[in-house]
Participant: 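Dumping the structure here so I can ask a few things about it.
Start at 1 with the first residue, then count along the sequence.
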Amino acid sequence: MSVLPDNAPLQFRDPVLARSMAATLARLMRELDRPLAIMHVCGSHEQAIARFGLRSLLPKALDLIMGPGCPVCVTDVPEVDEGVLIAQQGARIATFGDMLKVPGTVQSLADAQAAGADIDIIYSPKQAVDIARNTTQQVVFFATGFETTAVATAAVILDDPPPNFSVLSAHKYIPPAMEIVAGMPESRIEGFLAAGHAATITGADVFEPFVARHRIPVVIAGFEPIDILAATVELVELILAGTPRVVNTFPRCVTAKGNLAAQEQLWRVFQTVEGRWRGIADIPDGNLRLRDEFAHVDARKRFTIDLPSLWDFAPPGLARQCICGDIMAGMRNPKDCSLFNKECVPENPIGACMVSNEGTCKIWHLYGGVPDLEVTA
């Protein structure tokens, strides 16, 4: 990487190095001499980009867009409805805090909790198992997240959980979603920044077929400001050179093959199936569901889930104005939404993107999205 000084200790929040990278990006964009749109697919990346004002360092012609990188945001309405209906049957739902306010057809889990349902906020799948071990009540882990989190879910399923424990999987698998975005006729994305934590599990090589099919480069990035800027420089260089390939700029955590033991657990427990990502599309192989071998811990097989009983009710009128799906597909940004920071705020979210700490709308609410700052020496 040309912007990194030789033999110098790397500081991940170094303003001097950040300005050097910004200058390199400006030079590269002058050479390209046209607008360029690239996409990252990670809520943690967006948090760092917005929190540290990284877009203020980017040339005006370079558009760094957040794609479908928020697992809570892409949890589909029927999946939330399943959790609500199971809770209404008297089961105890354990899930991550971001999931509580995600709207279903009529109710969120927070609404169900207000009506008397037992909902526990947890920070790991193991906590859900611990809750089940200390009660005779049916405990359902409403499991969300991408392949990184799915590995932790697989681990507890393989560790002989108690008979009153089951899993409602809303886990998603990122690579197929990148295929959908890249294949959209209206897409202007010319390169992707891939999430370092997911690649820690899957390895960098998982993106090779995608690059071969779409002739679009993928650069794996870490999460500190310098990580993201360095990966962005690498990606723009690849686009300028017309060299579509996979580059790993996060080698301190990511290897070519990834964590093979974690992959073995993941694919022993889960299989990929087609499923809808909220507001985006039906994505082949985009959802992770339990294999038949683990039907005894599959909440969808343990409970009767009558989804049409909720669908007699129309969603609130404002929900139909939400453009969260277009935002996650990279077609629009939160400021294009008439509800953003008006009717839709974190205390009263209309769409899922305003609920999660990894949602674009909530991040932009907290930090702003594209600050127009003058870069000074």
Side-chain angles (χ1 to χ4, degrees), residues 68 70-122 125 128-129 131-132 137-146 149-150 153-154 156-157 161 164-173 269-283 285-292 294-316 319 324-325 349 351-352 355-356:
C70 167
V72 172
C73 303
V74 298
T75 300
D76 202 18
V77 171
E79 293 172 319
V80 177
D81 290 346
E82 288 174 320
V84 168
L85 286 168
I86 290 172
Q88 289 176 348
Q89 294 178 47
R92 190 168 175 177
I93 301 290
T95 194
F96 303 121
D98 282 355
M99 280 306 305
L100 257 67
K101 290 186 177 181
V102 176
T105 301
V106 178
Q107 289 189 333
S108 64
L109 288 172
D111 295 326
Q113 184 179 45
D118 289 332
I119 312 288
D120 291 285
I121 296 175
I122 58 170
V129 174
I131 291 169
Q137 192 175 6
Q138 288 289 325
V139 174
V140 177
F141 172 42
F142 188 4
T144 61
F146 297 127
T149 314
T153 302
V156 299
I157 289 174
N164 63 328
F165 173 81
S166 60
V167 172
L168 179 65
S169 175
H171 284 305
K172 312 292 184 190
Y173 187 48
V269 172
F270 290 102
Q271 59 186 339
T272 59
V273 300
E274 181 176 352
R276 186 159 188 83
W277 288 35
R278 180 189 290 247
I280 300 177
D282 289 312
I283 297 182
D285 297 324
N287 284 9
L288 295 172
R289 294 292 184 261
L290 298 179
R291 295 183 179 274
D292 290 343
F294 299 97
H296 60 289
V297 290
D298 191 338
R300 291 185 174 91
K301 294 181 170 59
R302 183 172 297 188
F303 295 89
T304 300
I305 304 175
D306 182 17
L307 287 178
S309 67
L310 285 176
W311 295 346
D312 291 336
F313 301 91
C324 194
V355 176
S356 171

Participant: Taking all non-hydrogen atoms of both residues into account, name the closest pair between F142 and I93 and its distance.
Facilitator: CB-CG2, 4.1 Å
Participant: Rounded to the nearest 0.5 Å, how far does CZ of R278 lie from OG1 of T75?
Facilitator: 7.0 Å
Participant: V80 versus M99: any side-chain heavy-atom pair under 4.5 Å?
Facilitator: yes
Participant: Do V355 and P349 have side-chain heavy atoms sitting under 4.5 Å apart?
Facilitator: yes
Participant: Parallel under 30°, tilted from 30 to 60°, perpendicular over 60°: which one fits the rings of F146 and W277?
Facilitator: parallel
Participant: Is the shortest side-chain heavy-atom distance between F96 and T144 below 4.5 Å?
Facilitator: yes
Participant: For V297 and F165, which heavy atoms make the closest approach, and how far apart are they?
Facilitator: CG1-O, 3.9 Å
Participant: If I compare all heavy atoms of V77 with all of G104, which pair ends up nearest, and what's the gap?
Facilitator: CG1-C, 3.6 Å
Participant: Are T153 and S169 side-chain neighbours, meaning at least one heavy-atom pair lies under 4.5 Å?
Facilitator: no
Participant: Side chains of T272 and L288: closer than 4.5 Å at any heavy-atom pair?
Facilitator: yes
Participant: I'd like to check L109 versus V102 (side-chain heavy atoms, cut-off strictly below 4.5 Å). Are they in contact?
Facilitator: no
Participant: About how many Å separate CD of Q137 and CD1 of I131, when rounded to the nearest 0.5 Å?
Facilitator: 10.0 Å
Participant: Can you give me the closest heavy-atom contact between P161 and V156, atom names plus distance?
Facilitator: CD-O, 3.5 Å
Participant: Mind listing the closest non-hydrogen atom pair of I280 and G325 along with its distance?
Facilitator: CG1-O, 4.0 Å
Participant: Can you check whether P71 reaches H171 side chain to side chain, under 4.5 Å on heavy atoms?
Facilitator: no
Participant: To the nearest 0.5 Å, tell me how far H296 NE2 sits from K301 NZ.
Facilitator: 12.0 Å
Participant: Can you tell me how far the CZ atom of R289 sits from the CG atom of D298, to the nearest 0.5 Å?
Facilitator: 8.5 Å
Participant: Using the side-chain contact (heavy atoms from CB on, under 4.5 Å) definition, which of the options I122, D120, L100, V140 pairs with T95?
Facilitator: L100
Participant: Hey, are the side chains of N287 and E79 touching, using non-hydrogen atoms and a 4.5 Å cut-off?
Facilitator: yes
Participant: Quick one, Q107 with Q88, criterion side chain to side chain donor-acceptor pair (under 3.5 Å). Give me CA distance, side-chain angles, the key distance, then yes/no.
Facilitator: CA-CA 11 Å; Q107 289 189 333; Q88 289 176 348; 3.2 Å; yes
Participant: May I ask you to decide if Q138's main-chain N or O and R92's side chain share a donor-acceptor pair within less than 3.5 Å?
Facilitator: no
